[in-house]
Amino acid sequence: MFRWILGGREAQGSVEKSPVLCIGEEQPKNWFTELQVLKGHFDIVRFLVQIDDFRCASAGDDGLILVWNIETGERLQELRGHSQQITAITTFTCSNGLTSLITASSDRSLSLWDPDTGNRVQTISDLQSSVKCLLVLERLCVCVSGGEELCVWNRDFQVLCHRQNHSDTGITALIELPKNCLAAAMDKEIVIYRLTVSTDSSLSLAEIRCLSDHREQIRALINVNDRSFASGSHGGELILWDAVDWNILGYEHILWEESRPCAQAEIRLAAPKPSEMSIQHLTTDGKHILAAVGSGLYVYSVLTKKVVAYRKVAHDSNVLHTMLLSDSELMSCSEDGSVRMWEIQDLPLPAEPASPGFFGMWTFGRSNKQSGPPSKKVTDVPNVRTLELTGDLIGHSGAVQMFVSFRENGLVTCSADHLLILWKNGERQSRLRSLALFQKLEESGGL
Amino acid sequence: MIGSPDVVAFTKEDEYREANPDPWALPEEFSVPLHPLADSNPWAKTSYAKFTKDFILISEFSEQVGPQPLLTIPDDPKVCGTFDLNYFSLRIMSVDYQASFVGHPPGTGYPRLSFVEDSRVVLGDSKEGAFAYVHHLTLYDLEARGFVRPFCMAYVSADERKIMLQFQELSLRFSQASECLKAGNRRAFAKELQRKLRDLEYTHSVLQREEGLQREAGPQRMYSAHAVEKANELANVEKSIYEHRDLLRQISSYHHRPRRDPHAVTCQKCVTECLRECEELLEKYGKLANPFSYRDKGEKGEEGQGQIDDEGGEEEVDEEEDEGVKRRPSYTPQLIKAKSPKCFDKRLKTLQELCDDTFYEATVELLKETERSFRGDLCYLHTRRLDRVLRKKQRVTNFLFEEDLGEDDEDEGGTLRPFCAVNHAVDNYTHLNPPPIVLGPEPLELDVLEPPDLLDPASETSHTQVLCELGLAEAHLESSPSDQTLETQESSEETKGSFSSDKSGMGQGERQQNLASMTSEAPDPDSDLTPDPDHNTDLERESSSEEIETTAGEDEGDQTPVSLLEVMSELEASREEECEGVTDGACEMESDLLVPIDTACCMAQEGFLYEASAPEAPHLGQSSHLQPCQTSVVNQEPQALLPLQDEYAVGSPCSESPAPGLELPVGDAVSRTSAEDGSDCTMSASTGSDRAASPLGYGGVVTLRQRKKAGQGALRFVRQYPFAMQALWCLLSGRTLVVLGADEGRVRRLVAALALFVPAPGKCGERVQAWLSCPFTLTDLQRWKLIGLQRVASPVGSSMLYSLSRYSRYISILDADQKTLRCPPYRGQLLANIADHRTYIRRGSTYFLHLQSTLCRLAAKAFLFTFTHHLHLPVSSTEGPEVVEGRRRCFLQEHLGLGEEDSLILFYLSQLITQQYLQPATGSSAAATCFSFNYTTSVFYKI
């Protein structure tokens, strides 16, 4: 017993040395106490998209699209048709309320599926290039695909207009802006297009402006709210743009060195690789922007235009996908195969001991720790808060590519180990099962 | 002929009474003798038997050589040893009461087939130490005297009580076999008749032609001797044709005849098929416009060949025979004439030839199965059946710790499926109650037990509690019956001496008379044994009138058991129908069932049998009346005949305060173990019997020996490791346990031992992986609850260690080499009972039983917990989940006395039960199973 505690303390010590967090096995705030492994893919699963309250579709490098029932873990449909990996997937809900799936694949085809029946409703093959991103403009009931060319499709998959691009990399991200505008990320530039619907209901696409303020390739482009959008680059630049007149509202260059002045000596020795400050993913709830930078997480306030909380090393490896669950809770997944849940917490006052020490040695160790970076941060930026790890989900044996939250129904993660894992609240599930049990009991009139 | 035949016909004059079983009374089949006989040697009983094992003997009364044994099952000379089969065949064949040889009954022109029901007889030979259930049956053979060949099948055992008490079951099984043989025989017989008819018609046509030629040749010599002879021949052939046609009609009317034997269940499809076949034949031969004009003239050449065949005295039973192609022999009238006298030189058909091959083989299979299912001594059979019956009622929780009950056991427990040799998909089941299993408890013992039971409330409760403890009751049971067997056998032998000698001389009719007079002259109103005279006469009248209808010569001997059985089946049916009844209904009915062993002919068996049933049933009924809440698994079980809602009423259990019955008696652990220690020998005594799957059961069938070995391993584990309790807790609470070790044998042994503790191990132990030498993944964790993992010092090893540390939150790691365990801390008391490393249990099998009883109780608790509505769901809409949570915690702590960690076990078991129960509903095997866990820190245990 004692030995184990000592061992635990040692583990804690190692945490101090390597800044990666280890939460340990006791996670009272982690309510994912049940999991279901969903098998079906044969290759890396890269995309997850929520269809409705209880269904979700997964797609990956095997070209398969699988539709799952989140409540039971059943595989509802298997959409086969693409011969190569899926590059983009999105849902398309039209005015009639029916949701369909649009997928794009490396085999240079584009397909429209009915997830209820598993039928391929429409398909276009022999595109000039493969589509890298898809955007649905539900207002106009059209779909925009981006790659080396920009195409606008109607629901019947007819090209409404089409525009060749001059950039080599092609369009990597597309977002919708007010006033029928589109923003497309192309290498280091953001190009603004305007869609105009002429009187004979034909569409035309015009390039209005090109924003080239990023010095590195743009990795992420998101809508923040009605008035602004944000972009993040490979070099760690986060720019907040005005959605209407496309001016820069805020600029944050997240650099490793900046945030860690006390450890400069070490950093000189090991110069940061570009990927370590690359913004992999951006997510927002309108008030905050959560940026996955390398293996760290940064929470940027849209109001104050400042980083309010951050964790430089939140994962062992690059963070691939993030999500803001609520004002204070967020979640991230990484190449290291784990999903972590975080809480934005106010820093404890420096005078307050971080934790009641069990032993003398322990408090001694703690005092050491307090001279570490967080306290520095407090002196640097007074209003900064910390990201505290509240739980982690370990199950995948490969990089966790993406996750989709179904709120209390659970969480679906997909990974490079070909698996999907459905994480659920064990208590809730057991209650549901009990309910089902007594229902069945009643139906069958006893045992 | 027979020296001293202590022959007993298992016949009884039964009365029919309204049997209203008391729902609270413990039916006989669940009764358990409470105390073994103190002073008798359990090993003395089979000493004089010349055979080592029970076996099945098939004999024939050959009209040529007399009684002769045909085959034994198992077909192994060792089984019979020095036992004289010839002599025994003589004995068993000579007790056939049926006068089944019928020629031309007066008043009918044609020979008649006798439709004889089988007769069932119990016979004993105390000198040889052999007792047998003898099942007589007759098969039809066109060439045999009276067209019948008497056969019998006998189950031979050294244990008389076994035969007597398993009579019902034996009768059932052998009836199936007999039906199967007879079905095949009818088929073969019809085919033979067909062939014969064809031959006769051919002969007829030939004769007719010859006669016509003669008549044409010389009309003036009309009355020549030759012509007369020809005419006679022709007439003979014609008569023969009529006779055979009539036989064919008779055999095809077989199925229309009402069967009086309730055990004679036949596959409906077979019956209809056979019927159709016969009707086709009748159609062909009975309704020919000109039956005597045989059209086929081209066959003459083959006549000679046919003759040769006939000289061989044998008609080949050739199913594949094409119509008139392969063989078209013709019988001359002389040949037919030659056949009617007994001919001793001809070879009689073998049993296999008499029945179709398929049917014969199926019968042998069936008998083999029967032999297998009756292996072991009475006590073992009883315990096993009790066990099965109990478990069958507990389908909801069985999967947790019990071995899988195969589907083939179905008919044993009450569903009599018509046996079908050609394996028709059988959809017509006949439901019968399982034959009563009776072990005679001591009347003395009961007397001793009863008064305090009823008077003293303190001892009453304690006694009831004792009764409730299944394990203890079984322990008593296991050690007792062999002693009793000896005792009763001795007593019966004594009586046999006096009874047998005068019986040998007694004729059948006389005996019958004797029986009848006995029953009618002494109608004791107090005794349940005495048949109702009115009813009795009714029955007799009925049976005799039936006799006249069927065959005049048929003896009463076979009627009696048949009608008796009928009554019994009716009784059984009425028991099923009328679930609510008066208190002593059950006991009455039980004694009714037992009456067959009657004063008149029963070797004083009725003594213990009657005592066994009558006094005990009311006693138990009363005790359960007095304390309905205290009835636990054993006492409850029999009521499953009632509509089940009453029993498992949802939501009610808590109001009935389930606690006392379910209380885990920590205090009596020692006494329990000692009792089990005592019973250990019985367990090992029944090693020879095969049991199919077991709770250990991984990798398919695990024998009892392996299981005992696993029990030994588990015991060693418990004694060796101070943290065994924690490891067991991990397994029982659903946390995957990884046994890490370098030595494969050691790890495998440990896994085999620990597999006993894995709840719901699956039919073939799918949840257990004995030896894994590659890194495991999450899917493996989901699938396996116990993993033996190879420790290797190589790159593979490091990746394995990585997976170990990565998934450490889901697993517990037992290091077999360093003897350490890493798992969440457990401080509960629930498992102290089975994981006490200072246990007094020394034997693996004892420990295994101890374990089984503890796990059984756990499963019962889990069942209660799972199906108690308000522990999981709010009672009213105003209640929040916290209230339910609080109630649940209160229930677990206050009622079941479980701490936090012990509750986890129950949660897990409950979850398994829920999943199992819901499984058919969801029905989607596509959906993966859930894997629950919780986030707790692990601690590190060392020796």
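As a basis for the values below, the full set of heavy atoms in this structure was taken, side chains included, without hydrogen atoms, waters or symmetry mates.
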Heavy-atom side-chain proximity of Cys930(B) to Arg433(A) below 4.5 angstrom
yes
Could you tell me whether Glu427(A) atom CD has more than 12 heavy atoms of other residues or ligands within 6.0 Å of it?
no
More than 12 heavy atoms of other residues, nucleotides or ligands under 6.0 Å from CD of Glu885(B): yes or no?
yes
Contact winner vs chain A - Leu873(B), Val884(B), Ile913(B), Thr914(B), heavy-atom pairs under 4.5 Å
Leu873(B)
Gap separating the CG atom of Leu441(A) from the NE2 atom of His869(B), nearest 0.5 angstrom
9.5 Å
Under 4.5 Å to a heavy atom of chain B? For Ile421(A) that would be side chain
Given Leu778(B), which of Ile394(A), Leu419(A), Leu35(A) fulfils the side chain to side chain contact (heavy atoms under 4.5 Å, CB included) condition?
Leu35(A)
Measure Asp392(A) against the heavy atoms of chain B and call it side chain, backbone, both or neither at under 4.5 Å.
both
Heavy-atom pairs under 4.5 Å with chain A: which of Thr777(B), Thr866(B), Asn934(B) has the most?
Thr866(B)
Positions in residues 803-813 of chain B that reach chain A, provided some heavy atom is under 4.5 Å away
Arg806(B), Tyr807(B), Ser808(B), Arg809(B), Tyr810(B)
Got a donor-acceptor contact below 3.5 angstrom from the Tyr935(B) side chain to the Phe32(A) backbone?
yes
Tell me which donor-acceptor pairs under 3.5 Å the side chains of residues 61-68 of chain A have, and how far apart each pair is, sequence neighbours excluded?
from, atom 1, to, atom 2, distance (Å)
Asp61(A), OD1, Arg46(A), NE, 2.8
Asp61(A), OD2, Arg46(A), NE, 3.2
Asp61(A), OD2, Arg46(A), NH2, 3.0
Asp62(A), OD1, His41(A), ND1, 3.3
Asp62(A), OD1, Leu64(A), N, 3.2
Asp62(A), OD2, His41(A), ND1, 3.1
Asp62(A), OD2, Phe42(A), N, 2.6
Trp68(A), NE1, Ser58(A), OG, 3.0

For Phe54(A), is the CZ atom crowded, meaning more than 12 foreign heavy atoms sit under 6.0 Å from it?
yes
Could you label the plane-to-plane angle of the Phe933(B) and Trp423(A) rings as parallel, tilted or perpendicular, counting under 30° as parallel and over 60° as perpendicular?
perpendicular
Gln429(A) and Ser932(B): CA distance, side-chain angles, deciding distance, side-chain contact (heavy atoms from CB on, under 4.5 Å) verdict:
CA-CA 10 Å; Gln429(A) 291 304 314; Ser932(B) 297; over 6 Å; no
Counting only non-hydrogen atoms closer than 4.5 Å, does Pro824(B) touch chain A with its backbone (N, CA, C, O), its side chain (CB onward), both, or neither?
neither
Within a 6.0 Å radius of atom CD on Glu879(B), are there more than 12 heavy atoms belonging to other residues, nucleotides or ligands?
yes
Side chain, backbone, both or neither: which part of Ser397(A) has a non-hydrogen atom closer than 4.5 Å to chain B?
both
Heavy-atom pair of closest approach, residues Gln36(A) and Gln782(B):
CA-NE2, 3.9 Å
Considering residues, nucleotides and ligands other than Asp53(A), do more than 12 of their heavy atoms fall under 6.0 Å from its CG?
no
